[in-house]
Amino acid sequence: MPTTAFLFPGQGSQYVGMGRKLYDEFTIAKRYFEEANDTLGFNLTELCFESSHSQLMQTMNTQPAILAVSVIAFEIGRIELGWEPDYMAGHSLGEYSALVCSGVLSFGDGLRIVRKRGMLMQAAHSSDTGAMVAVTHAASDQLEEFCRQASNDTSQVVIACYNSLNQHVLAGHQAAVQSVVERLQAQSSDVSVKYLNVSAPFHSPLMQSAAEQLAVELEKLETKDPRWPVISNVVARPYGRQELLPLLYRQMTQPVRWLETMQYLNSQGICRTVEVGPRQVLTRLMKDTYPSVQTCQFDHPEQLEELRAYFDEGKNDREVVIASIRESLTAAIIARNRNHDAIAYSTGVIQPIQQIRDLIEKLADNDSSDIMQTLIRIKSLLQSVMSTKQLPLEEQMKITDKLPANF
C-alpha cells in the first residue's frame with residue numbers, strides 16, 4: 001500500500017495567475033478566495049490572478065497568496081480524489097500551509113499569521129544590507145566552514161536552507177555572503193551561484209527581531225492537534241502541539257532542514273509524494289534525492305485525471321490489503337484452540353480479535369493517519385491470537401502467508 005507525503009511549497013514558487021484555473025472550475029475555490037479576501041481586508045484573488053510580478057513578489061503578499069492556493073488545491077484533492085496523507089511537510093512558509101491542511105490552524109488564522117510574518121520579515125532587514133544566494137554543487141561542510149570564516153561580530157552569513165545534497169541557500173549580510181561566493185568561485189568552476197530576489201535574508205540571525213515580534217502573534221493563535229503528522233523545518237521530524245509555537249519561532253532564524261526532512265520521510269517508508277500548490281520545486285528536489293519515490297504535483301484542474309488514476313490505485317491496494325487481513329483473521333479464528341486457560345484465551349484471543357476488527361474498520365474508512373503502523377499493530381495482534389491458541393508454527397506460517405508481501 002503506497003505511503004504518501006504531501007509537500008507544500010514556500011516562497012519563490014509564486015507566479016501571476018496561480019489558482020485561476022481552480023477558481024474558474026471549482027465552487028469551493030471561489031469560497032476560499034472570498035474568505036481570504038474578507039479575512040485579509042484586501043483582494044487576494046486579484047493579487048493572485050492579475051497583479052504585477054513585483055507586487056506578488058513582496059513577501060507580505062507572497063506568503064498569504066501561496067498559502068491560499070495550496071490549501072485550496074489540497075481541499076479540492078480531498079473532495080475529488082479522497083486522498084489521505086500519511087505525512088505532511090512544507091518548505092518554510094509551506095509549513096504553515098501544511099498546518100492549516102492538517103487542522104492545526106484555521107484557514108483564517110493561517111492567512112493572518114503568514115501575512116504578519118511576511119510584514120515582519122520584510123521590515124526586519126532590508127535587501128540593501130542583506131542577501132540570499134542559492135548555491136549548487138557545493139558540500140554542506142565546505143559551505144559551513146566558509147560561512148564561519150566570512151562571519152564576524154558585525155557581519156554574518158549562514159546556510160539558510162539545506163535543500164539537498166547539492167543545493168543550499170546562504171543568507172546574511174551582503175558583504176559576508178559575497179565573501180563566501182568569492183571563496184567558492186575561486187575554489188571550483190563547477191559551483192553555481194544565483195542571488196535571490198528577496199526582500200530580506202530569511203532563516204538567518206538577521207531575522208531575530210522579526211522572530212521576537214512573531215512570537216507575540218503566535219501566542220494569540222488557537223491551535224488543535226494535527227489530523228496528520230506535520231514535519232518541522234527546524235528538527236526534521238513531526239512535532240506535537242506543545243512544540244508548535246516554539247518551533248515556529250525558531251524557524252525564523254534557523255535553517256530549513258529540507259534534506260533531513262526528505263531523509264525522515266524515506267525512513268518512514270514513503271513511496272510517493274504530492275506537491276500541493278504552485279510549481280514543482282519540492283517535487284524536483286525529491287526526484288533528485290530519491291529517484292525511486294513516485295512524485296506528482298497539483299495546482300491545475302487538468303492534472304486531476306492523472307492524479308485520479310494515481311489515487312485509485314492506492315484505494316485498490318488498500319482494498320487488497322484489507323481483504324488479505326480479513327482472510328488471515330478468519331483462518332486464525334477457526335483454527336483449533338489447544339489452550340484451555342479461559343483467562344489467557346480472553347486476553348490473548350478474544351480481545352485481540354476485536355481490536356483487529358476495529359483496526360480493519362478504520363482502514364476501510366480511510367481513518368488511519370499512519371497506515372504502516374496500523375498494519376504492524378494488526379500483525380502483532382494476530383500473532384497473539386495464534387500463539388495463545390498454541391497453533392503449530394507451520395500453521396501460523398500458512399496464516400501469515402495470506403498477508404501482503406510488503407506487510
Side-chain angles (χ1 to χ4, degrees), residues 9-15 53-63 91-94 117-214 233-234 250-260 279 281-282 284-285 288-289:
Q11 192 163 333
S13 292
Q14 69 276 3
Y15 63 89
H53 177 71
S54 59
Q55 257 188 310
L56 189 58
M57 280 289 293
Q58 293 181 44
T59 301
M60 64 181 181
N61 292 334
T62 306
Q63 297 202 17
H91 192 286
S92 188
L93 156 71
R117 179 179 183 262
M119 289 177 173
L120 294 172
M121 293 171 84
Q122 202 166 307
H125 230 282
S126 72
S127 56
D128 295 335
T129 55
M132 296 188 77
V133 62
V135 179
T136 54
H137 305 301
S140 59
D141 55 353
Q142 179 189 51
L143 287 172
E144 288 166 354
E145 179 58 29
F146 283 175
C147 286
R148 281 192 290 269
Q149 294 172 6
S151 298
N152 54 47
D153 292 342
T154 58
S155 185
Q156 294 178 305
V157 56
V158 297
I159 299 179
C161 302
Y162 292 80
N163 285 336
S164 70
L165 288 171
N166 294 314
Q167 185 186 121
H168 302 80
V169 176
L170 307 181
H173 291 94
Q174 282 187 2
V177 171
Q178 182 61 30
S179 175
V180 173
V181 169
E182 290 171 356
R183 291 167 194 255
L184 288 168
Q185 292 174 330
Q187 186 174 80
S188 173
S189 59
D190 293 333
V191 173
S192 172
V193 298
K194 179 184 178 181
Y195 279 88
L196 304 182
N197 183 17
V198 295
S199 55
F202 309 140
H203 302 290
S204 78
L206 279 68
M207 291 289 103
Q208 185 59 43
S209 64
E212 291 171 0
Q213 294 174 75
L214 182 67
N233 286 177
V234 175
R250 289 170 59 192
Q251 190 214 54
M252 293 282 280
T253 58
Q254 295 191 21
V256 175
R257 300 191 177 278
W258 193 253
L259 174 60
E260 290 178 52
R279 302 202 188 276
V281 173
L282 304 181
R284 289 194 294 269
L285 289 174
D288 291 345
T289 307

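Residues: numbered from 1 along the sequence shown.
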| message | Would V198 and T59 count as a side-chain contact (heavy atoms from CB on, under 4.5 Å) here? Give the steps. | response | CA-CA 8 Å; V198 295; T59 301; 5.8 Å; no
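Within the model, atoms OG of S140 and CG of N166 stand 10.0 Å from one another, a figure rounded to the nearest 0.5 Å. Atom CD in Q63 sits 5.0 Å away from atom CG in L93 (nearest 0.5 Å). Taking CG from D288 and CD from Q167, the interatomic distance works out to 8.5 Å, rounded to the nearest 0.5 Å. Atom CD of residue Q11 and atom CG of residue N61 lie 10.0 Å apart, to the nearest 0.5 angstrom. Here the CZ atom belonging to F202 is positioned 4.5 Å from the CE atom belonging to M121, to the nearest 0.5 angstrom. The CD atom of Q156 sits 6.5 Å away from atom CG of L206, with the distance rounded to the nearest 0.5 Å.
M207 places a side-chain heavy atom less than 4.5 Å from the side chain of P201. Considering only heavy atoms from C-beta on, L282 comes within 4.5 Å of W258 through its side chain. In this structure the side chain of Y162 never reaches within 4.5 angstrom of the side chain of E260, judged on heavy atoms. Counting only heavy atoms from C-beta outward, the side chains of T154 and H173 never approach each other to under 4.5 Å. A 4.5 Å side-chain heavy-atom check between F146 and E182 finds every atom pair outside the cut-off. At a threshold of 4.5 Å between non-hydrogen side-chain atoms, the residues L184 and L143 count as touching. In this structure the side chain of P255 never reaches within 4.5 angstrom of the side chain of H168, judged on heavy atoms. Taking the side chain as every heavy atom from C-beta outward, E212 and M252 never approach each other to under 4.5 Å.
Of the candidates S13, C161, P9, H91 forms a side chain to side chain contact (heavy atoms under 4.5 Å, CB included) with just one, namely C161. A side chain to side chain contact (heavy atoms under 4.5 Å, CB included) with L170 is found for exactly one of V193, V180, L196, namely V180. For the side chain to side chain contact (heavy atoms under 4.5 Å, CB included) criterion with S204, the lone passing option out of V157, V177, V158 is V158.
With hydrogens and angles disregarded, no donor-acceptor distance shorter than 3.5 Å links the side chain of S164 to the backbone of L259. The backbone N or O of G12 sits less than 3.5 Å from a side-chain atom of Q14, completing a donor-acceptor pair. Not a single donor-acceptor pair under 3.5 Å links the side chain of Q122 to the backbone N or O of S199. Under the 3.5 Å distance criterion, the side-chain polar atoms of T62 are matched with a main-chain donor or acceptor of Q58.
For V181 against Y195, the heavy-atom pair with the smallest separation is CG2-OH, 3.7 Å. Residues A160 and M132 approach most closely at CB-CE, 4.0 Å, considering heavy atoms.
For N233, the side-chain hydrogen bond (donor to acceptor under 3.5 Å, both in side chains) partners are E95, Q251, not counting sequence neighbours. A search for side chain to side chain contact (heavy atoms under 4.5 Å, CB included) contacts involving S192 returns T136, not counting sequence neighbours. Among residues two or more places apart in sequence or in another chain, the salt bridge (charged side-chain N to carboxylate O under 4.0 Å, His left out) test is passed with R148 by E145.
Under the 3.5 Å distance criterion, with hydrogens and angles disregarded, a donor-acceptor pair is assigned to the side chains of H203 and S92.
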